[in-house]
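Here is the structure we will look at, set down as structure tokens.
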Amino acid sequence: MTKTMSPRLRRQENISGYLFLLPSLVFFLGFVIYPMAMCIWTSFTDANMNSNTADRFIGFANYVELWQDPVFLKALVNTIIIVVVSVPVVCIFSLWVASAIYRMKEGPLSFFRVVFYLPVVTGSVAVTVVWKWMYNNYYGIFNYLLKGAGVIDKNINWLGDPKYALACIIIILLTTSVGQPIVLYVSALSNVDQSLVEAAEVDGATNTQVFWRIKWPQIMPTTLYILIITTINSFQCFALIQLLTSGGPNYATETVMYYIYYTAFKLYRFGYGNAMGVILAIFIAALSAVQFRLAKED
Amino acid sequence: MSKNNGSSRAYRIFSIVVLILLALLFLFPLYWILTGALKPPAAINSPTPQWWPKEFTLRNFQALFSRRSAPLFQLGSLSGPTVPGAIRWLINTVFMAVMAMILTCLTAAMAGYALAKKRFTGRFILFSLIVAAMALPKQVILIPLIREMSSLGLYDNIWAVIFPTVGWPFGVFLMKQFAEGIPGEMLEAARIDGAGEAMTFTNIVYPMIKPGVGALAIFTFISSWNDYFMQLIMLTSSNNLTISLGIATMQAENSTDYGLIMAGAALAAVPIIIVFLIFQKYFTKGITMGAVKG
């Protein structure tokens with residue numbers, strides 16, 4: 001379009017632009033930006049269930065209290081463990097699967113893509129209840145299989161044991177997290193410049209060299225995007241915890257997201273819960289920024 | 001090339017074997033839901049699993065459908081015929097997903113076009129705001145959202161789940177990516193021919209971004225159907241639940257009747273899996289186009 005516009009045309013562009021944006025803006029500002037702003041504001045207040053009294057401004061009191069709250073600190077540590085374990089595993093696993101399938105014919109390619117995406121589509125509730133059954137102390141297949149293989153000699157209460165509960169949650173989280181990264185990697189790998197790959201092969205480069213020297217740099221933006229979405233997903237791990245363990249046993253699976261929910265629905269401390277939300281958002285933003293920097297340096 | 005042919009061939013066979021094993025592992029939970037839903041209690045509550053049901057039964061589904069009943073729908077004082085509660089949950093879920101899909105596609109298509117092709121003041125700031133909002137976890141705003149919906153009188157109402165879904169800026173972002181591809185000359189030509197803004201949008205812009213709208217539609221439908229978190233915090237009374245939420249509530253009440261719970265899980269999962277399989281191509285496209293490039 002023309003770079004210089006007459007004032008009349010510019011006004012027209014402004015009016016029509018905002019008219020097209022209006023319906024979307026109503027929802028975006030009303031149900032995303034406004035709550036975000038309120039989240040920050042109420043984190044500095046003692047907001048609670050009682051809607052008759054106005055929220056009282058209490059400065060940083062909620063934030064100070066957070067760092068003395070053992071449950072919050074435990075939840076933060078668990079959340080970080082979930083992120084640190086699941087992000088690399090999801091990235092490496094999905095990159096491996098994608099490179100194994102991306103050159104297949106359309107039929108098998110679609111088949112594998114669908115299969116790995118299936119746990120996402122099945123929905124967190126359906127997936128969680130079936131895993132709960134599989135982990136069950138008496139009727140679960142894990143105890144049956146592991147006992148049969150001689151790995152364990154008596155049944156383990158997987159979700160009820162603080163030693164195993166978090167690991168059990170992470171395993172389910174992994175199966176529901178690789179679907180989208182695989183789709184993205186398949187598309188990125190098939191867009192790699194084939195002429196560069198062929199040139200390198202003519203020069204006698206091995207498959208490993210071709211991968212690291214040519215393909216890896218070209219799929220870097222995709223890797224970065226996957227790192228960020230997987231990080232956000234892992235930080236938000238909630239349904240599994242709410243349905244399986246409620247943060248227990250003895251806070252072994254308490255996560256920040258679950259604690260926010262608990263603070264809001266069981267303790268009715270809205271201000272305190274929002275302070276946790278702000279901290280969580282800052283963590284995610286900081287991590288995304290670090291990943292972005294690292295990826296850019298490579 | 002010829003020197004590592006043998007090893008690369010062995011690696012290919014190895015990787016296909018591993019892939020097939022992994023595929024079986026990923027399919028297993030779904031298989032276990034579907035067969036579990038059809039097993040009698042004796043087979044379910046046995047420490048030795050029945051890998052293939054020896055006996056098929058529909059009693060789990062009968063139990064699911066004979067639980068509390070509800071009117072099929074309620075519009076003001078008008079209410080539909082009485083049906084099993086699970087059917088009502090399914091209807092609620094379909095309504096929610098369809099409304100979220102229609103509203104998202106409509107608003108996002110218009111906004112994406114404006115962001116891509118209109119040179120209005122504040123365009124850059126608005127776009128930055130959209131990208132920043134996308135990078136933040138939407139779950140952290142749960143408390144302000146609950147309070148906002150309560151003050152709007154929408155708490156425990158299906159619209160309280162729909163509106164935040166429509167507001168989520170991913171759709172606008174996706175539509176902008178598609179609308180960038182519309183040649184400026186076509187819009188210029190339409191203007192010269194005297195076409196109004198609305199006509200330009202319906203006759204030129206919409207046909208060009210149609211594949212994108214398709215991708216967004218299916219993406220929104222599936223993610224809204226499965227957005228358990230938003231449903232959980234907004235809906236409370238039994239008649240207003242979605243199917244996922246209903247199954248979760250049922251699970252909390254009878255946590256040991258796995259046959260019944262698997263029947264519910266099957267009812268929640270099978271419709272959305274069928275939708276996914278039918279529109280799988282569009283869906284994949286939506287995911288790939290939505291990824292930030294560079």
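In what follows, every chain begins at residue 1, and chains take the letters A, B, ... in the order their sequences are listed. As a basis for the values below, the full set of heavy atoms in this structure was taken, side chains included, without hydrogen atoms, waters or symmetry mates.
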I'd like to know which of [options] tops the heavy-atom pair count under 4.5 Å against chain B.
options                       : result
A:V129, A:I232, A:I260        : A:V129
A:R113, A:M38, A:M276         : A:R113
A:N155, A:V183, A:I15         : A:V183
A:Y144, A:W133, A:W41         : A:W133
A:V178, A:L280, A:N274, A:L19 : A:N274
A:F111, A:Y34, A:F116, A:F112 : A:F116

Report the option among [options] that has the most heavy-atom pairs separated by less than 4.5 Å from atoms of chain A.
options                        : result
B:A252, B:A268, B:A248         : B:A248
B:I146, B:N226, B:T165, B:T104 : B:N226
B:L22, B:L115, B:L30, B:I261   : B:L22
B:L25, B:I143, B:I141          : B:I143
B:Y258, B:F276, B:W32, B:Y228  : B:Y258
B:V172, B:L27, B:I222, B:I247  : B:L27

Let me know if [X] has heavy atoms under 4.5 Å from chain B in its side chain, its backbone, both or neither.
X      : answer
A:F283 : neither
A:V130 : both
A:K132 : both

Check: Are a donor atom and an acceptor atom from the side chains of B:Q280 and A:Y117 found within less than 3.5 Å of each other?
Finding: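 Side-chain D/A pair, B:Q280 to A:Y117: absent.
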Donor-acceptor pair, side chain of [X] and main chain of [Y], under 3.5 angstrom:
X      : Y      : answer
B:T93  : B:I243 : yes
B:S224 : B:F221 : no
B:Q50  : B:G36  : no
A:S288 : A:I284 : yes
A:Y18  : B:T121 : yes
A:T79  : A:V256 : yes

Margin query: Please verify the inter-ring angle class for A:Y261 with A:Y258; under 30° counts as parallel, over 60° as perpendicular, anything in between as tilted.
Written below: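 Rings of A:Y261 and A:Y258: tilted, as their planes differ by 30° to 60°.
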Checklist line | Salt-bridge present (B:K118, B:E197; N to O < 4.0 Å) | finding: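 Counted as a salt bridge, because a side-chain N and a carboxylate O are separated by less than 4.0 Å.
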